[in-house]
Student: 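Below is a structure I'd like to ask you about.
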Protein chains: 2
Amino acid sequence: MAHLQNRPGPGQGRRRASHSMESVLTEAVALLDEAGAPALTFRALAQRLGGGVASIYWYVANKEELLDRATDHVIGTVLAEIEALPGSDDPIDDLRAMAVTLFDAILDRPWLGAYFMRNTDVQGNSLRLYEKLGRQTLRLDLNALQRFHAVSAVVGVVVGSAVDMGQEPPEEVLDGSVNRDEYLGRYAQTWRELDPEAYPFVHEIVDEFDGHDDVDQFRSALDLTLAGLRLQSGA
Amino acid sequence: MAHLQNRPGPGQGRRRASHSMESVLTEAVALLDEAGAPALTFRALAQRLGGGVASIYWYVANKEELLDRATDHVIGTVLAEIEALPGSDDPIDDLRAMAVTLFDAILDRPWLGAYFMRNTDVQGNSLRLYEKLGRQTLRLDLNALQRFHAVSAVVGVVVGSAVDMGQEPPEEVLDGSVNRDEYLGRYAQTWRELDPEAYPFVHEIVDEFDGHDDVDQFRSALDLTLAGLRLQSGA
DNA sequence: ACCTGAACACCGTTCAAGT
DNA sequence: ACCTGAACACCGTTCAAGT
(Lines give C-alpha, C1' and ligand atoms only; values in the text may rest on other atoms or scores of the structure.)
Protein backbone atom coordinates (compact mmCIF):
# COMPACT_ATOMS: atom_id res chain seq x y z
CA MET A 1 0.00 0.00 0.00
CA ALA A 2 3.03 2.28 0.14
CA HIS A 3 2.42 3.49 -3.39
CA LEU A 4 -0.68 5.31 -2.18
CA GLN A 5 1.54 7.91 -0.65
CA ASN A 6 2.96 9.08 -3.96
CA ARG A 7 0.26 8.11 -6.44
CA PRO A 8 -3.18 8.41 -4.89
CA GLY A 9 -5.86 7.06 -7.21
CA PRO A 10 -9.04 8.95 -7.94
CA GLY A 11 -11.52 8.88 -5.12
CA GLN A 12 -8.90 7.63 -2.74
CA GLY A 13 -8.68 10.90 -0.88
CA ARG A 14 -6.15 13.60 -1.53
CA ARG A 15 -2.66 14.10 -0.28
CA ARG A 16 -1.88 16.45 2.51
CA ALA A 17 -2.43 19.88 1.00
CA SER A 18 0.33 22.43 0.78
CA HIS A 19 -0.34 26.14 0.44
CA SER A 20 1.57 29.37 0.42
CA MET A 21 0.73 32.94 1.31
CA GLU A 22 0.64 33.69 -2.39
CA SER A 23 -1.89 30.98 -3.23
CA VAL A 24 -4.04 31.85 -0.23
CA LEU A 25 -4.28 35.47 -1.36
CA THR A 26 -4.79 34.64 -5.02
CA GLU A 27 -7.70 32.34 -4.25
CA ALA A 28 -9.14 34.79 -1.74
CA VAL A 29 -9.13 37.51 -4.39
CA ALA A 30 -10.69 35.11 -6.92
CA LEU A 31 -13.52 34.42 -4.49
CA LEU A 32 -14.04 38.13 -3.88
CA ASP A 33 -14.04 38.87 -7.60
CA GLU A 34 -16.47 36.12 -8.43
CA ALA A 35 -19.11 36.77 -5.82
CA GLY A 36 -18.20 39.67 -3.58
CA ALA A 37 -17.28 39.95 0.06
CA PRO A 38 -19.88 37.51 1.47
CA ALA A 39 -18.36 34.76 -0.69
CA LEU A 40 -15.05 34.90 1.11
CA THR A 41 -15.41 32.41 3.94
CA PHE A 42 -12.72 30.24 5.44
CA ARG A 43 -14.64 27.16 4.36
CA ALA A 44 -15.01 28.28 0.74
CA LEU A 45 -11.38 29.32 0.63
CA ALA A 46 -10.20 26.04 2.14
CA GLN A 47 -12.20 24.11 -0.44
CA ARG A 48 -10.59 26.04 -3.30
CA LEU A 49 -7.18 25.43 -1.83
CA GLY A 50 -8.01 21.75 -1.44
CA GLY A 51 -7.34 21.63 2.27
CA GLY A 52 -8.88 22.10 5.67
CA VAL A 53 -10.16 25.33 7.15
CA ALA A 54 -7.73 25.51 9.99
CA SER A 55 -4.66 25.53 7.78
CA ILE A 56 -5.49 29.07 6.63
CA TYR A 57 -4.87 30.21 10.17
CA TRP A 58 -1.26 29.37 9.73
CA TYR A 59 -1.01 32.23 7.22
CA VAL A 60 -3.33 34.81 8.74
CA ALA A 61 -4.38 35.42 12.32
CA ASN A 62 -8.02 36.09 11.49
CA LYS A 63 -10.43 37.18 8.82
CA GLU A 64 -9.59 40.84 9.15
CA GLU A 65 -5.98 40.13 8.33
CA LEU A 66 -7.05 37.96 5.41
CA LEU A 67 -9.09 40.83 3.99
CA ASP A 68 -6.31 43.33 4.61
CA ARG A 69 -3.75 41.19 2.87
CA ALA A 70 -6.05 40.36 -0.03
CA THR A 71 -6.75 44.04 -0.49
CA ASP A 72 -3.12 44.98 -0.33
CA HIS A 73 -2.40 42.25 -2.85
CA VAL A 74 -4.62 43.79 -5.51
CA ILE A 75 -3.49 47.30 -4.64
CA GLY A 76 -0.14 46.02 -5.85
CA THR A 77 -1.47 45.79 -9.40
CA VAL A 78 -3.07 49.23 -9.10
CA LEU A 79 0.25 50.59 -7.93
CA ALA A 80 1.93 49.12 -10.99
CA GLU A 81 -0.58 50.86 -13.25
CA ILE A 82 -0.03 54.11 -11.43
CA GLU A 83 3.71 53.81 -11.75
CA ALA A 84 3.27 53.24 -15.48
CA LEU A 85 1.41 56.53 -15.88
CA PRO A 86 3.27 59.00 -18.12
CA GLY A 87 3.24 61.99 -15.76
CA SER A 88 3.04 65.61 -16.79
CA ASP A 89 4.31 69.01 -15.76
CA ASP A 90 1.14 69.57 -13.72
CA PRO A 91 1.10 67.80 -10.36
CA ILE A 92 -2.65 68.28 -10.04
CA ASP A 93 -3.28 66.60 -13.37
CA ASP A 94 -1.04 63.77 -12.25
CA LEU A 95 -2.95 63.48 -8.99
CA ARG A 96 -6.16 63.30 -10.99
CA ALA A 97 -4.82 60.57 -13.26
CA MET A 98 -3.76 58.51 -10.26
CA ALA A 99 -7.11 58.90 -8.51
CA VAL A 100 -8.93 57.91 -11.69
CA THR A 101 -6.76 54.82 -12.05
CA LEU A 102 -7.57 53.85 -8.50
CA PHE A 103 -11.25 54.46 -9.03
CA ASP A 104 -11.26 52.36 -12.20
CA ALA A 105 -9.77 49.49 -10.26
CA ILE A 106 -12.64 49.76 -7.79
CA LEU A 107 -15.15 49.75 -10.63
CA ASP A 108 -13.68 46.42 -11.69
CA ARG A 109 -13.73 45.10 -8.15
CA PRO A 110 -16.56 46.70 -6.17
CA TRP A 111 -15.61 44.83 -3.00
CA LEU A 112 -12.35 46.81 -2.96
CA GLY A 113 -14.17 50.02 -2.08
CA ALA A 114 -15.06 48.79 1.36
CA TYR A 115 -11.57 47.70 2.38
CA PHE A 116 -8.74 49.61 0.81
CA MET A 117 -6.96 52.24 2.87
CA ARG A 118 -8.58 50.76 5.95
CA ASN A 119 -5.22 50.16 7.47
CA THR A 120 -1.92 51.14 6.10
CA ASP A 121 -0.29 49.31 8.90
CA VAL A 122 0.12 46.28 6.71
CA GLN A 123 2.82 48.58 5.40
CA GLY A 124 2.76 47.21 1.89
CA ASN A 125 1.36 48.48 -1.34
CA SER A 126 -1.27 50.72 0.24
CA LEU A 127 1.45 52.73 1.90
CA ARG A 128 3.39 52.92 -1.35
CA LEU A 129 0.26 54.13 -3.12
CA TYR A 130 -0.24 56.76 -0.43
CA GLU A 131 3.35 57.87 -0.91
CA LYS A 132 2.89 58.05 -4.68
CA LEU A 133 -0.16 60.28 -4.36
CA GLY A 134 1.50 62.43 -1.76
CA ARG A 135 4.63 62.94 -3.77
CA GLN A 136 2.63 65.03 -6.22
CA THR A 137 1.79 67.45 -3.43
CA LEU A 138 5.50 67.98 -2.85
CA ARG A 139 5.52 69.73 -6.20
CA LEU A 140 2.87 72.20 -5.02
CA ASP A 141 3.43 75.31 -2.96
CA LEU A 142 1.84 74.04 0.24
CA ASN A 143 2.91 73.42 3.80
CA ALA A 144 3.14 69.99 5.37
CA LEU A 145 -0.30 70.16 6.97
CA GLN A 146 -1.91 71.23 3.72
CA ARG A 147 -0.18 68.37 1.94
CA PHE A 148 -1.37 65.86 4.50
CA HIS A 149 -4.92 67.18 4.20
CA ALA A 150 -4.81 67.31 0.41
CA VAL A 151 -3.97 63.64 0.08
CA SER A 152 -6.54 62.71 2.71
CA ALA A 153 -9.11 64.68 0.74
CA VAL A 154 -8.29 62.96 -2.54
CA VAL A 155 -8.39 59.53 -0.93
CA GLY A 156 -11.64 60.58 0.75
CA VAL A 157 -13.25 61.41 -2.57
CA VAL A 158 -12.31 58.01 -3.95
CA VAL A 159 -13.55 56.19 -0.87
CA GLY A 160 -16.71 58.27 -0.65
CA SER A 161 -17.61 57.52 -4.26
CA ALA A 162 -16.58 53.90 -3.97
CA VAL A 163 -18.70 53.27 -0.90
CA ASP A 164 -21.69 54.79 -2.62
CA MET A 165 -21.15 52.41 -5.51
CA GLY A 166 -20.03 49.39 -3.59
CA GLN A 167 -23.49 48.72 -2.30
CA GLU A 168 -24.76 45.45 -3.58
CA PRO A 169 -27.39 46.26 -6.16
CA PRO A 170 -30.70 44.52 -5.50
CA GLU A 171 -30.78 40.97 -6.72
CA GLU A 172 -33.10 41.80 -9.60
CA VAL A 173 -30.19 43.78 -11.04
CA LEU A 174 -27.65 41.10 -10.20
CA ASP A 175 -29.58 38.29 -11.80
CA GLY A 176 -30.11 40.39 -14.90
CA SER A 177 -33.90 40.35 -14.79
CA VAL A 178 -33.77 44.14 -14.45
CA ASN A 179 -30.88 46.19 -15.76
CA ARG A 180 -29.32 49.17 -14.09
CA ASP A 181 -31.15 51.73 -16.19
CA GLU A 182 -34.52 50.21 -15.43
CA TYR A 183 -33.62 50.10 -11.78
CA LEU A 184 -32.59 53.75 -11.68
CA GLY A 185 -35.70 54.58 -13.68
CA ARG A 186 -38.03 52.99 -11.17
CA TYR A 187 -36.21 54.72 -8.38
CA ALA A 188 -36.46 58.04 -10.18
CA GLN A 189 -40.15 57.44 -10.68
CA THR A 190 -40.81 57.28 -6.94
CA TRP A 191 -38.97 60.59 -6.65
CA ARG A 192 -41.10 62.16 -9.35
CA GLU A 193 -44.18 61.25 -7.37
CA LEU A 194 -42.98 63.29 -4.38
CA ASP A 195 -44.64 66.60 -3.63
CA PRO A 196 -42.74 69.24 -5.68
CA GLU A 197 -43.38 71.88 -3.01
CA ALA A 198 -41.73 69.75 -0.34
CA TYR A 199 -38.96 68.37 -2.55
CA PRO A 200 -37.94 71.06 -5.05
CA PHE A 201 -34.32 69.89 -5.19
CA VAL A 202 -35.21 66.28 -5.76
CA HIS A 203 -37.42 67.34 -8.64
CA GLU A 204 -34.68 69.58 -10.01
CA ILE A 205 -32.19 66.74 -10.29
CA VAL A 206 -34.35 63.66 -10.86
CA ASP A 207 -33.73 63.63 -14.60
CA GLU A 208 -29.99 63.82 -13.98
CA PHE A 209 -30.19 61.05 -11.44
CA ASP A 210 -32.15 58.87 -13.85
CA GLY A 211 -29.57 57.01 -15.91
CA HIS A 212 -26.62 58.77 -14.29
CA ASP A 213 -23.09 57.47 -14.59
CA ASP A 214 -21.10 56.74 -11.44
CA VAL A 215 -17.91 57.69 -13.20
CA ASP A 216 -19.21 61.18 -14.01
CA GLN A 217 -20.27 61.59 -10.41
CA PHE A 218 -16.82 60.61 -9.19
CA ARG A 219 -15.02 62.74 -11.76
CA SER A 220 -16.87 65.86 -10.82
CA ALA A 221 -16.42 65.31 -7.09
CA LEU A 222 -12.72 64.85 -7.75
CA ASP A 223 -12.59 67.95 -9.94
CA LEU A 224 -14.18 70.09 -7.23
CA THR A 225 -11.56 68.96 -4.73
CA LEU A 226 -8.72 69.47 -7.18
CA ALA A 227 -10.02 72.91 -8.15
CA GLY A 228 -9.99 73.83 -4.47
CA LEU A 229 -6.49 72.48 -4.16
CA ARG A 230 -5.27 74.42 -7.18
CA LEU A 231 -6.69 77.57 -5.68
CA GLN A 232 -5.00 76.85 -2.36
CA SER A 233 -1.64 76.16 -3.96
CA GLY A 234 -1.83 79.35 -5.96
CA ALA A 235 -0.99 77.49 -9.18
CA MET B 1 -53.32 29.55 38.54
CA ALA B 2 -55.32 32.01 36.48
CA HIS B 3 -53.75 34.96 38.29
CA LEU B 4 -50.45 34.14 36.62
CA GLN B 5 -51.80 35.63 33.44
CA ASN B 6 -52.17 39.08 34.89
CA ARG B 7 -49.67 39.11 37.72
CA PRO B 8 -46.68 36.93 36.97
CA GLY B 9 -44.40 36.69 39.97
CA PRO B 10 -40.66 37.08 39.68
CA GLY B 11 -38.93 34.10 38.18
CA GLN B 12 -42.24 32.72 36.99
CA GLY B 13 -41.55 33.57 33.36
CA ARG B 14 -42.75 36.65 31.60
CA ARG B 15 -45.91 37.52 29.81
CA ARG B 16 -46.20 37.51 26.08
CA ALA B 17 -44.08 40.43 25.00
CA SER B 18 -45.46 43.30 22.99
CA HIS B 19 -43.26 45.55 20.88
CA SER B 20 -43.63 48.36 18.41
CA MET B 21 -41.57 49.62 15.51
CA GLU B 22 -40.54 52.52 17.71
CA SER B 23 -39.26 50.37 20.56
CA VAL B 24 -37.48 48.02 18.17
CA LEU B 25 -35.59 50.91 16.60
CA THR B 26 -34.84 52.64 19.89
CA GLU B 27 -33.31 49.51 21.36
CA ALA B 28 -31.46 48.75 18.15
CA VAL B 29 -29.89 52.19 18.24
CA ALA B 30 -29.06 51.77 21.93
CA LEU B 31 -27.20 48.56 21.14
CA LEU B 32 -25.32 50.23 18.30
CA ASP B 33 -24.39 53.17 20.49
CA GLU B 34 -23.21 51.01 23.35
CA ALA B 35 -21.02 48.59 21.47
CA GLY B 36 -21.05 49.26 17.76
CA ALA B 37 -22.35 47.37 14.77
CA PRO B 38 -21.27 43.86 15.85
CA ALA B 39 -23.39 44.22 18.99
CA LEU B 40 -26.61 44.48 17.03
CA THR B 41 -27.78 40.89 16.71
CA PHE B 42 -31.34 39.65 16.63
CA ARG B 43 -30.73 37.68 19.78
CA ALA B 44 -29.30 40.63 21.71
CA LEU B 45 -32.10 42.85 20.49
CA ALA B 46 -34.77 40.30 21.41
CA GLN B 47 -33.33 40.01 24.88
CA ARG B 48 -33.49 43.77 25.38
CA LEU B 49 -37.05 43.81 24.16
CA GLY B 50 -37.89 40.95 26.48
CA GLY B 51 -39.18 38.67 23.77
CA GLY B 52 -38.19 36.04 21.24
CA VAL B 53 -35.94 36.52 18.23
CA ALA B 54 -38.55 35.75 15.65
CA SER B 55 -40.91 38.52 16.72
CA ILE B 56 -38.51 41.12 15.33
CA TYR B 57 -39.18 39.71 11.89
CA TRP B 58 -42.72 40.98 12.14
CA TYR B 59 -41.30 44.53 12.03
CA VAL B 60 -38.44 44.13 9.58
CA ALA B 61 -37.87 41.70 6.75
CA ASN B 62 -34.20 41.15 7.53
CA LYS B 63 -31.13 42.61 9.14
CA GLU B 64 -30.43 45.00 6.30
CA GLU B 65 -33.81 46.60 6.76
CA LEU B 66 -33.25 46.77 10.51
CA LEU B 67 -30.00 48.64 9.97
CA ASP B 68 -31.56 50.92 7.35
CA ARG B 69 -34.43 51.84 9.61
CA ALA B 70 -32.23 52.30 12.66
CA THR B 71 -30.00 54.61 10.65
CA ASP B 72 -32.90 56.57 9.28
CA HIS B 73 -34.23 56.86 12.80
CA VAL B 74 -31.16 58.68 14.07
CA ILE B 75 -30.87 60.73 10.88
CA GLY B 76 -34.20 62.14 12.05
CA THR B 77 -32.49 63.82 14.98
CA VAL B 78 -29.70 65.10 12.74
CA LEU B 79 -32.33 66.52 10.41
CA ALA B 80 -33.90 68.36 13.31
CA GLU B 81 -30.54 69.91 14.20
CA ILE B 82 -30.02 70.92 10.61
CA GLU B 83 -33.44 72.51 10.41
CA ALA B 84 -32.64 74.46 13.55
CA LEU B 85 -29.55 76.00 11.95
CA PRO B 86 -29.81 79.79 11.57
CA GLY B 87 -28.98 80.03 7.87
CA SER B 88 -27.14 82.88 6.21
CA ASP B 89 -27.05 84.79 2.96
CA ASP B 90 -24.34 82.46 1.65
CA PRO B 91 -25.61 79.10 0.43
CA ILE B 92 -22.11 77.63 0.50
CA ASP B 93 -21.65 78.59 4.14
CA ASP B 94 -25.02 76.99 4.87
CA LEU B 95 -23.96 73.86 3.05
CA ARG B 96 -20.83 73.76 5.16
CA ALA B 97 -22.76 74.17 8.40
CA MET B 98 -25.07 71.31 7.44
CA ALA B 99 -22.22 69.01 6.49
CA VAL B 100 -20.43 69.79 9.76
CA THR B 101 -23.59 69.01 11.73
CA LEU B 102 -23.88 65.69 9.96
CA PHE B 103 -20.24 64.91 10.56
CA ASP B 104 -20.54 65.75 14.25
CA ALA B 105 -23.39 63.27 14.54
CA ILE B 106 -21.14 60.61 13.06
CA LEU B 107 -18.40 61.48 15.53
CA ASP B 108 -20.90 60.74 18.29
CA ARG B 109 -22.01 57.52 16.65
CA PRO B 110 -19.16 56.03 14.63
CA TRP B 111 -21.31 53.14 13.43
CA LEU B 112 -23.43 55.65 11.52
CA GLY B 113 -20.65 56.30 9.02
CA ALA B 114 -20.93 52.87 7.52
CA TYR B 115 -24.68 52.93 6.94
CA PHE B 116 -26.15 56.33 6.30
CA MET B 117 -27.03 57.31 2.76
CA ARG B 118 -26.71 53.67 1.79
CA ASN B 119 -30.25 53.67 0.53
CA THR B 120 -32.56 56.58 0.33
CA ASP B 121 -35.26 54.25 -0.76
CA VAL B 122 -36.45 53.99 2.80
CA GLN B 123 -37.75 57.41 1.77
CA GLY B 124 -37.62 58.86 5.20
CA ASN B 125 -35.28 61.24 6.91
CA SER B 126 -32.30 60.48 4.70
CA LEU B 127 -34.19 61.72 1.69
CA ARG B 128 -35.30 64.82 3.57
CA LEU B 129 -31.70 65.47 4.56
CA TYR B 130 -30.63 65.07 0.94
CA GLU B 131 -33.31 67.55 -0.06
CA LYS B 132 -32.16 70.00 2.60
CA LEU B 133 -28.58 69.91 1.37
CA GLY B 134 -29.65 70.17 -2.24
CA ARG B 135 -31.88 73.13 -1.64
CA GLN B 136 -28.80 75.24 -0.96
CA THR B 137 -27.54 74.51 -4.44
CA LEU B 138 -30.75 75.96 -5.87
CA ARG B 139 -29.46 79.30 -4.63
CA LEU B 140 -26.30 78.92 -6.68
CA ASP B 141 -25.87 79.68 -10.35
CA LEU B 142 -25.52 76.10 -11.52
CA ASN B 143 -27.33 73.76 -13.85
CA ALA B 144 -29.21 70.69 -12.70
CA LEU B 145 -26.34 68.29 -13.40
CA GLN B 146 -23.92 70.49 -11.50
CA ARG B 147 -26.33 70.64 -8.59
CA PHE B 148 -26.72 66.88 -8.53
CA HIS B 149 -22.97 66.45 -8.61
CA ALA B 150 -22.36 69.12 -5.99
CA VAL B 151 -24.55 67.41 -3.41
CA SER B 152 -23.08 64.02 -4.25
CA ALA B 153 -19.64 65.52 -3.72
CA VAL B 154 -20.50 66.99 -0.33
CA VAL B 155 -22.10 63.76 0.83
CA GLY B 156 -19.06 61.94 -0.53
CA VAL B 157 -16.70 64.03 1.57
CA VAL B 158 -18.70 63.24 4.70
CA VAL B 159 -18.87 59.54 3.89
CA GLY B 160 -15.22 59.38 2.88
CA SER B 161 -14.10 60.96 6.14
CA ALA B 162 -16.57 58.97 8.19
CA VAL B 163 -15.45 55.66 6.76
CA ASP B 164 -11.85 56.52 7.49
CA MET B 165 -12.83 57.22 11.07
CA GLY B 166 -15.40 54.51 11.53
CA GLN B 167 -12.78 51.81 11.66
CA GLU B 168 -12.76 50.15 15.01
CA PRO B 169 -9.64 51.32 16.77
CA PRO B 170 -7.49 48.47 18.04
CA GLU B 171 -8.66 47.05 21.32
CA GLU B 172 -5.78 48.55 23.25
CA VAL B 173 -7.32 51.94 22.44
CA LEU B 174 -10.85 50.77 23.20
CA ASP B 175 -9.98 49.33 26.57
CA GLY B 176 -8.13 52.49 27.47
CA SER B 177 -4.77 50.86 28.10
CA VAL B 178 -3.40 53.00 25.27
CA ASN B 179 -4.92 56.33 24.33
CA ARG B 180 -5.39 57.66 20.85
CA ASP B 181 -2.32 59.89 20.95
CA GLU B 182 -0.08 57.06 22.03
CA TYR B 183 -1.54 54.90 19.31
CA LEU B 184 -0.97 57.51 16.62
CA GLY B 185 2.47 58.09 18.02
CA ARG B 186 3.50 54.46 17.68
CA TYR B 187 2.09 54.39 14.21
CA ALA B 188 3.99 57.54 13.31
CA GLN B 189 7.12 55.99 14.70
CA THR B 190 7.01 53.11 12.23
CA TRP B 191 6.69 55.70 9.48
CA ARG B 192 9.69 57.60 10.72
CA GLU B 193 11.73 54.44 10.44
CA LEU B 194 11.00 54.17 6.73
CA ASP B 195 13.72 55.03 4.24
CA PRO B 196 13.45 58.81 3.60
CA GLU B 197 14.66 58.36 0.04
CA ALA B 198 11.85 55.95 -0.74
CA TYR B 199 9.17 57.73 1.30
CA PRO B 200 9.77 61.48 1.10
CA PHE B 201 6.09 62.34 1.37
CA VAL B 202 5.49 60.13 4.37
CA HIS B 203 8.42 61.82 6.10
CA GLU B 204 7.11 65.26 5.11
CA ILE B 205 3.76 64.70 6.79
CA VAL B 206 4.53 62.31 9.63
CA ASP B 207 4.61 65.08 12.24
CA GLU B 208 1.23 66.31 11.03
CA PHE B 209 -0.16 62.81 11.12
CA ASP B 210 1.10 62.30 14.64
CA GLY B 211 -1.64 63.56 16.93
CA HIS B 212 -3.81 64.80 14.08
CA ASP B 213 -7.46 65.65 14.57
CA ASP B 214 -10.07 63.89 12.46
CA VAL B 215 -12.25 66.97 12.52
CA ASP B 216 -9.52 69.12 10.98
CA GLN B 217 -9.01 66.52 8.31
CA PHE B 218 -12.70 66.51 7.48
CA ARG B 219 -13.00 70.30 7.60
CA SER B 220 -10.22 70.82 5.13
CA ALA B 221 -11.49 68.17 2.74
CA LEU B 222 -14.88 69.85 2.89
CA ASP B 223 -13.35 73.28 2.36
CA LEU B 224 -11.50 72.12 -0.75
CA THR B 225 -14.74 70.81 -2.24
CA LEU B 226 -16.66 73.94 -1.32
CA ALA B 227 -13.91 76.17 -2.71
CA GLY B 228 -14.20 74.27 -5.97
CA LEU B 229 -17.95 74.69 -5.90
CA ARG B 230 -17.72 78.40 -5.23
CA LEU B 231 -15.41 78.76 -8.19
CA GLN B 232 -17.79 76.79 -10.38
CA SER B 233 -20.80 78.81 -9.34
CA GLY B 234 -18.98 82.04 -10.02
CA ALA B 235 -19.96 83.40 -6.60
C1' DA C 1 7.01 23.78 9.93
C1' DC C 2 2.65 23.04 8.33
C1' DC C 3 -1.77 20.61 7.90
C1' DT C 4 -6.15 18.04 9.67
C1' DG C 5 -10.88 16.90 11.79
C1' DA C 6 -13.82 17.88 14.94
C1' DA C 7 -15.67 20.78 18.10
C1' DC C 8 -17.37 25.36 20.13
C1' DA C 9 -19.94 29.32 20.33
C1' DC C 10 -22.01 31.95 17.75
C1' DC C 11 -24.92 33.98 13.62
C1' DG C 12 -29.49 35.26 10.44
C1' DT C 13 -33.61 33.21 9.03
C1' DT C 14 -37.73 30.14 8.79
C1' DC C 15 -41.84 27.90 10.31
C1' DA C 16 -45.51 25.63 12.47
C1' DA C 17 -47.76 26.72 16.35
C1' DG C 18 -49.71 29.50 19.76
C1' DT C 19 -52.71 33.68 21.55
C1' DA D 1 -52.42 40.82 14.32
C1' DC D 2 -48.60 39.64 16.72
C1' DC D 3 -45.56 36.58 19.40
C1' DT D 4 -43.00 31.99 20.55
C1' DG D 5 -39.63 27.90 20.58
C1' DA D 6 -37.13 25.16 18.14
C1' DA D 7 -34.81 24.09 14.24
C1' DC D 8 -31.73 24.87 10.00
C1' DA D 9 -27.83 26.13 7.66
C1' DC D 10 -24.45 28.59 8.11
C1' DC D 11 -20.33 31.42 10.26
C1' DG D 12 -15.16 32.43 12.51
C1' DT D 13 -12.08 30.40 15.59
C1' DT D 14 -9.64 26.93 18.51
C1' DC D 15 -7.16 22.85 19.61
C1' DA D 16 -5.20 18.47 20.19
C1' DA D 17 -3.39 15.62 17.04
C1' DG D 18 -1.03 14.26 13.04
C1' DT D 19 3.08 14.41 9.51
Side-chain angles (χ1 to χ4, degrees), chain A residues 1-8 12-28 31-32 35-71 111 114-115 168 170-171, chain B residues 1-8 12-28 31-32 35-71 111 114-115 168 170-171:
Chain A
M1 297 281 247
H3 71 281
L4 276 182
Q5 293 183 329
N6 23 327
R7 211 161 50 76
Q12 308 241 163
R14 52 159 202 278
R15 302 259 283 289
R16 193 170 189 257
S18 173
H19 315 319
S20 66
M21 188 76 247
E22 175 66 23
S23 64
V24 168
L25 297 184
T26 302
E27 294 306 321
L31 239 16
L32 290 164
L40 180 58
T41 67
F42 279 84
R43 283 162 175 69
L45 182 53
Q47 196 176 354
R48 271 184 102 103
L49 291 166
V53 259
S55 64
I56 300 167
Y57 284 88
W58 202 88
Y59 296 93
V60 294
N62 50 44
K63 187 159 186 183
E64 194 193 338
E65 190 185 325
L66 176 61
L67 244 2
D68 283 345
R69 285 191 190 271
T71 302
W111 58 269
Y115 300 107
E168 297 289 315
E171 55 174 322
Chain B
M1 298 279 249
H3 72 279
L4 276 183
Q5 291 181 330
N6 22 326
R7 211 164 48 76
Q12 307 239 165
R14 53 159 201 278
R15 303 259 282 289
R16 194 171 188 256
S18 174
H19 314 319
S20 67
M21 188 76 246
E22 175 66 25
S23 63
V24 168
L25 296 185
T26 302
E27 294 307 320
L31 239 15
L32 289 164
L40 179 58
T41 68
F42 279 84
R43 282 161 174 77
L45 182 53
Q47 195 177 355
R48 272 184 102 103
L49 290 166
V53 258
S55 65
I56 301 166
Y57 283 90
W58 202 88
Y59 297 92
V60 294
N62 49 46
K63 185 157 188 188
E64 194 193 338
E65 190 185 324
L66 176 61
L67 243 1
D68 285 343
R69 286 192 189 271
T71 302
W111 58 270
Y115 299 108
E168 297 289 315
E171 56 175 321

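Predicted, not measured: the structure shown is a model, and the values here were computed from it. Chain letters run A, B, ... following the sequence lines, proteins first and then strands; every chain starts at 1.
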Student: To the nearest Å, give me how far apart CD (A:Gln47) and P (C:dG5) are.
Tutor: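 Taking CD of A:Gln47 and P of C:dG5, I get 13 Å after rounding.
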Student: Do the rings of B:Phe42 and B:Tyr57 sit parallel, tilted or perpendicular, given the 30° and 60° boundaries?
Tutor: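 The arrangement is parallel - the two ring planes meet at less than 30°.
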Student: Counting neighbours of CD on A:Glu65 that are heavy atoms of other residues, nucleotides or ligands and sit closer than 6.0 Å, is the number greater than 12?
Tutor: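 Atom CD in A:Glu65 is crowded, with more than 12 foreign heavy atoms closer than 6.0 Å.
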Student: Any strand counts, and the cut-off is 3.5 Å on both contacts for Watson-Crick or G-U wobble. Which nucleotide pairs with C:dT4?
Tutor: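 Partner of C:dT4: D:dA16.
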Student: Side chains of A:Arg69 and A:Met21: does their closest heavy-atom pair fall under 4.5 Å?
Tutor: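 Yes, close enough: below the 4.5 Å cut-off.
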Student: A:Ser55 side chain N/O closer than 4.0 Å to the phosphate oxygens (OP1, OP2) of C:dT4?
Tutor: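 Yes, A:Ser55 has a side-chain N/O under 4.0 Å of OP1/OP2 on C:dT4.
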Student: Please round to the nearest 0.5 Å and tell me the distance separating atom CG of A:Leu66 and atom CD1 of A:Ile56.
Tutor: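 Separation between the atoms: 7.0 Å.
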Student: In whole angstroms, how far is the P atom of D:dC3 from the CG atom of B:Leu45?
Tutor: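 Rounded to the whole Å, the gap is 12 Å.
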Student: With side chains defined as the heavy atoms from C-beta onward, is the minimum distance between A:Thr71 and A:Leu32 less than 4.5 Å?
Tutor: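 No, too far: nothing below the 4.5 Å cut-off.
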Student: Have a look at A:Leu40 and say if it touches a base, only the backbone sugar-phosphate, or nothing, with a 4.0 Å heavy-atom cut-off.
Tutor: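 Sugar-phosphate contact only.
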Student: Less than 4.0 angstrom between a side-chain N/O of A:Tyr59 and OP1 or OP2 of C:dC3, yes or no?
Tutor: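 Indeed, a polar side-chain atom of A:Tyr59 lies that close.
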Student: Counting only N and O atoms by type, is there a donor-acceptor contact under 3.5 Å from the side chain of B:Tyr115 to the main-chain atoms of B:Ala37?
Tutor: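 No; judged by distance alone, with no hydrogens or angles, the pair does not exist.
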Student: Could you state the CD1-P distance from A:Ile56 to C:dC3, rounded to the nearest angstrom?
Tutor: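 Taking atom P of C:dC3 as the reference, CD1 of A:Ile56 is at 10 Å.
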Student: Rounded to whole angstroms, how far apart are CZ on B:Arg16 and C1' on C:dG18?
Tutor: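 Answer to the nearest Å: 7 Å.
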Student: Just the atom pairs and distances: protein N or O near nucleotides 13-17 of chain C's N or O, under 3.5 Å.
Tutor:
unit_1: C:dT13; atom_1: OP2; unit_2: B:Tyr57; atom_2: OH; d: 3.1
unit_1: C:dT13; atom_1: OP2; unit_2: B:Lys63; atom_2: N; d: 2.8
unit_1: C:dT13; atom_1: O5'; unit_2: B:Tyr57; atom_2: OH; d: 3.3

Student: From CH2 of A:Trp58 over to P of D:dG12, roughly how many Å is that when rounded to an integer?
Tutor: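 Roughly 21 Å, once rounded to whole Å.
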Student: Calculate the interatomic distance between B:Leu67 atom CG and C:dG12 atom C1'; express it in whole Å.
Tutor: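 So the CG-C1' distance, B:Leu67 to C:dG12, works out to 13 Å.
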